[in-house]
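The next block holds one structure in the form of structure tokens; read it before the comments.
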Amino acid sequence: MLILRRTDIPPSEITPATVYGDRRRFLGAALAAGGALLLPHAAQAALPRRFDQLARSPLSTTEPLNSYKDITTYNNFYELGTGKDDPARNAGSLKTQPWSVTIDGAVEKPGTYTLEDLLKPHALEERIYRLRCVEAWSMVIPWVGFPLGDLIKRFNPTSRAKYVAFTTLHDPEQMPGQRRAVLDWPYVEGLRMDEAMHPLAILAVGLYGEVLPGQNGAPLRLVVPWKYGFKSIKSIVRISLTEQMPPTAWNKSAPQEYGFYANVNPAVDHPRWSQKRERRLGELRKRETLPFNGYADQVAQLYSGMDLTRWY
Ligand SMILES: Nc1nc2c(c(=O)[nH]1)N[C@H]1C(S)=C(S)[C@@H](COP(=O)(O)O)O[C@H]1N2
Ligand SMILES: [Mo]
């Protein structure tokens, strides 16, 4: 079973990781027994289906994890439909291999790279983060990824690089949601350079120790845990370093509701609802939303002197 390529496995046969701990123990036992757990390097498989021996980053939260089922069946990914259960149902049409990513703009070494080449120099680790959606629900997700800043540094940004712009795949054949003008496709997002270089900002390629499912933004997505979920753009095909603040999909769609910064901020209501509380998926009682989603100690200084009611 472990030697199957991901494309050989129908989604119905992928074990939900509700017994994550158990499976980890199983893998550990198999390794101790001399089992060959590392996947042979299949020509078409950019990533193994499962990541082994991941170190857990100390930047991880110790809160209880949401279930694999919650994380992979309650999604926002409008390219795959606007209902929370649409992305999981429609993810099958998204072809994540081969996959390439273009790095361009204000860098000394622009180019288009296969996902494999792009990832090769980076050690993957587990990062358990809270994700707080602007719609006032939240989850705790064990991502597999690496710091975005490490990738950016490799391409030698020039002094003109002030922002980082990200673009999602645009292909209505693969992304049925793009056949309707729900948003101005492709989905785009951006970060200020210092935000992008912050150690909490990661690029994720997996969750629960497995390769990302399509609905969660396979094969490569951004995760910026102190910002509302919509900043964490999925299925990235382009990363551009820019001098000007780049346009962002939700800001273009509803600028009075969604700003460029989108830092989680219980003190600034969304025009149509409060941001003071949130519902952690799987819990009944609402929780208080924390400034910067609980990451204020690490990131608040990025915004010192800024009026966060204006720069929402
Ligand atoms: N390309 C793209 N990226 C996207 C979205 C989207 O619709 N399209 N939705 C965003 C929103 S609103 C949220 S809350 C998170 C959800 O990530 P998850 O489904 O992996 O939990 O993805 C973000 N990234
Ligand atoms: Mo969201």
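Keep in mind it's a predicted model, so treat the numbers as computed, not measured. Note that ligands are numbered from 1 as they come in the structure, with each ligand's atoms numbered from 1 the same way. Counting begins at 1 with the first residue of the sequence. Note: hydrogens, waters and symmetry copies are ignored here, and every other heavy atom, side chains too, is used.
- Atom 8 (N) of ligand 1 has its closest protein heavy atom at Glu79 OE1, 2.7 Å.
- Listed here is the closest heavy atom pair of Leu222 and Leu148: CD1-CD2, 3.8 Å.
- Near Thr168, the atoms of ligand 1 lying under 4.0 angstrom from a non-hydrogen atom of the residue are 1 (N).
- Shortest non-hydrogen contact noted between Gln275 and His270 is CG-N, 3.7 Å.
- Of all the atoms in ligand 1, the ones that sit under 4.0 Å from a non-hydrogen atom of Asn216 are 18 (P), 20 (O).
- Ligand-side atoms of ligand 1 in range of Cys133: 14 (S), range being under 4.0 angstrom from any heavy atom.
- Of the N or O atoms in Trp143, none lie within a sub-3.5 Å distance of an N or O in ligand 1.
- In the vicinity of Tyr78, heavy-atom distances shorter than 4.0 Å reach the ligand 1 atoms 6 (C), 7 (O).
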Let me have the donor-acceptor pairs involving side chains of residues 156-165, under 3.5 Å, with sequence neighbours excluded, atom names and distances please.
residue	atom	partner	partner atom	Å
Asn156	ND2	Glu108	OE1	3.1
Thr158	OG1	Arg160	N	3.3
Lys162	NZ	Ser159	O	3.1

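- Residues meeting the side chain to side chain donor-acceptor pair (under 3.5 Å) test with Trp143, sequence neighbours left out: none.
- Using bins of under 30°, 30° to 60° and over 60° for the plane-to-plane angle, the ring pair Trp250/Tyr78 lands in the perpendicular bin.
- Within 6.0 Å of the CD atom in Glu173, the count of heavy atoms belonging to other residues, nucleotides or ligands does not exceed 12.
- Heavy atoms of Glu135 found under 4.0 angstrom from ligand 1: none, in either backbone or side chain.
- Taking a 6.0 Å sphere around NZ of Lys252, one finds it holds more than 12 heavy atoms contributed by other residues, nucleotides or ligands.
- Given atom 9 (N) of ligand 1, the protein heavy atom at minimum distance is Asn76 O, 3.1 Å.
- Looking only at heavy atoms of the protein, atom 15 (C) of ligand 1 is closest to Gly229 O, 3.5 Å.
- In the vicinity of Tyr187, heavy-atom distances shorter than 4.0 Å reach the ligand 1 atoms 1 (N), 2 (C), 3 (N), 4 (C), 5 (C), 6 (C), 7 (O), 8 (N), 9 (N), 10 (C).
- Among protein heavy atoms, the minimum distance from atom 24 (N) of ligand 1 is reached at Ser232 O, 2.9 Å.
- Here the closest non-hydrogen pair linking Arg127 and Ser57 is NE-OG, 2.9 Å.
- In plain terms, the two heavy atoms of Met139 and Tyr74 that are nearest each other are CE-O, 3.3 Å.
- Closest protein heavy atom to atom 3 (N) of ligand 1: Lys234 N, 3.1 Å.
- For ligand 1, the polar-atom distance check against Trp137 finds no nitrogen or oxygen pair separated by under 3.5 Å.
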